[in-house]
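Structure record follows, encoded as structure tokens.
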Amino acid sequence: MTMEEYLSTITNQGHRARLGQIFEWIRVNFPSLQYKILWKQPMFLEHDTFIIGFSAAKGHLSVSPEAKGIERFAREIAAAGYSQTKNLFRIEWEQPVDYRLLHSIIDYNMADKRNCSDFWRK
């Protein structure tokens, strides 16, 4: 499924546009990342290893950088006003996207998983 095909499944036009902006921002800022749909979720991979994933819900966008990424950035995620669990954080649709934080998380995962040959961290 292409990015456009995935985005077309989001019925709320504002949510679709917002997620499209985030995906485009990732494409521009991290051109080495590959977009892929796995388990019905959009993800960005590098050398076939997971870097970050997203899930659109009714009230928010879930962002998953794996548990290690959440642990590393827990304070920054909380400071941005996002709720979090062990494996993801949530950006409410009306909240601003902290692109500086998103950039830091993606940079961290790319560096930390540079020599990783598995999809998920072990």
Side-chain angles (χ1 to χ4, degrees):
M1 178 181 283
T2 68
M3 189 178 296
E4 293 74 24
E5 289 169 334
Y6 173 78
L7 290 170
S8 74
T9 68
I10 300 172
T11 56
N12 183 299
Q13 204 169 28
H15 299 175
R16 182 182 328 126
R18 184 132 192 246
L19 193 51
Q21 290 169 344
I22 293 168
F23 289 173
E24 177 64 13
W25 178 86
I26 292 171
R27 189 189 66 73
V28 168
N29 287 278
F30 298 95
S32 68
L33 294 183
Q34 307 144 334
Y35 168 84
K36 206 167 209 178
I37 293 283
L38 297 169
W39 303 285
K40 299 183 180 182
Q41 303 298 319
M43 301 178 181
F44 290 88
L45 315 177
E46 186 171 55
H47 58 76
D48 294 324
T49 189
F50 177 87
I51 299 299
I52 196 161
F54 298 87
S55 178
K58 182 179 179 180
H60 64 271
L61 170 64
S62 294
V63 182
S64 175
E66 286 188 276
K68 191 171 180 184
I70 293 291
E71 183 180 312
R72 165 64 182 81
F73 291 95
R75 281 187 295 229
E76 292 91 336
I77 292 167
Y82 305 144
S83 64
Q84 59 189 295
T85 69
K86 181 181 175 186
N87 292 308
L88 60 85
F89 65 95
R90 296 174 201 90
I91 303 173
E92 302 293 325
W93 290 114
E94 67 277 354
Q95 286 180 298
V97 175
D98 185 337
Y99 284 103
R100 185 185 52 77
L101 173 60
L102 196 55
H103 199 286
S104 295
I105 290 170
I106 293 171
D107 274 343
Y108 171 77
N109 274 347
M110 289 174 70
D112 190 59
K113 296 181 83 175
R114 180 161 280 120
N115 297 316
C116 181
S117 59
D118 296 314
F119 188 77
W120 305 111
R121 286 180 174 95
K122 298 246 177 200

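Atoms CD and CD1, on Glu24 and Ile22 in that order, are 12.0 Å from each other to the nearest 0.5 Å. The distance from atom CG of Leu33 to atom CD1 of Ile26, rounded to the nearest 0.5 Å, is 7.5 Å. The distance from the CZ atom of Phe73 to the CZ atom of Phe89 is 10.0 Å, given to the nearest 0.5 Å. Annotation: the span from Gln95 atom CD to His60 atom NE2 amounts to 10.5 Å, rounded to 0.5 Å.
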Run the side-chain donor-acceptor check on residues 106-116: report pairs under 3.5 Å with partners two or more places apart or on a different chain.
unit_1 : atom_1 : unit_2 : atom_2 : d
Asp107 : OD2    : His103 : ND1    : 3.0
Asn109 : OD1    : Arg121 : NH1    : 3.3
Asn109 : OD1    : Arg121 : NH2    : 2.6
Asn109 : ND2    : Ile51  : O      : 2.7
Asn109 : ND2    : Pro65  : O      : 3.1
Asp112 : OD1    : Lys68  : NZ     : 3.2
Asp112 : OD2    : Lys68  : NZ     : 3.3
Asp112 : OD2    : Arg121 : NE     : 2.9
Asp112 : OD2    : Arg121 : NH2    : 3.0
Lys113 : NZ     : Thr49  : OG1    : 3.3
Lys113 : NZ     : Phe50  : O      : 2.6
Lys113 : NZ     : Glu66  : OE1    : 2.8
Lys113 : NZ     : Phe119 : O      : 3.1

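At a threshold of 4.5 Å between side-chain heavy atoms, the hydrophobic network of Ile, Leu, Val, Met, Phe, Trp and Tyr places Ile52 and Leu45 in two separate groups. Residues Ile37 and Phe30 share a single hydrophobic cluster, defined by chaining ILVMFWY side chains whose heavy atoms lie under 4.5 Å apart. No path of Ile, Leu, Val, Met, Phe, Trp and Tyr side chains, each step under 4.5 Å between heavy atoms, connects Met3 with Leu38, placing them in separate hydrophobic clusters. Each of Met43 and Met1 belongs to its own hydrophobic cluster when Ile, Leu, Val, Met, Phe, Trp and Tyr are linked at side-chain heavy-atom distances under 4.5 angstrom.
Using bins of under 30°, 30° to 60° and over 60° for the plane-to-plane angle, the ring pair Phe44/Phe54 lands in the perpendicular bin.
Inter-residue side-chain proximity for Arg72 and Ile105 is flagged as unmet; no heavy-atom pair is nearer than 4.5 Å. Using a 4.5 Å heavy-atom cutoff, the side chains of Val97 and Leu61 are not in contact. Inter-residue side-chain proximity for Trp25 and Leu102 is flagged as met; some heavy-atom pair is nearer than 4.5 Å. Residues Leu101 and Tyr82 have side chains in contact (heavy-atom distance under 4.5 Å, counting atoms from C-beta outward).
In this structure a side-chain-to-backbone donor-acceptor pair under 3.5 Å is missing from Gln84 to Ile77. In this structure a side-chain-to-backbone donor-acceptor pair under 3.5 Å is missing from Asp118 to Trp120. For Ser64 (side chain) and Leu88 (main-chain N/O), no donor-acceptor pair under 3.5 Å exists by modelled atom type.
Taking each heavy atom of Tyr6 and Thr9 in turn, the nearest pair found is O-OG1, 2.5 Å. Pairing each heavy atom of His47 with each of Gln34, the nearest pair is N-OE1, 4.1 Å.
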What do the steps show when you test Ile91 against Arg18 for side-chain contact (heavy atoms from CB on, under 4.5 Å), and what is the final call?
CA-CA 11 Å; Ile91 303 173; Arg18 184 132 192 246; 4.3 Å; yes
Would you please test Glu94 and Glu92 for side-chain contact (heavy atoms from CB on, under 4.5 Å) and show each step?
CA-CA 5 Å; Glu94 67 277 354; Glu92 302 293 325; 3.5 Å; yes
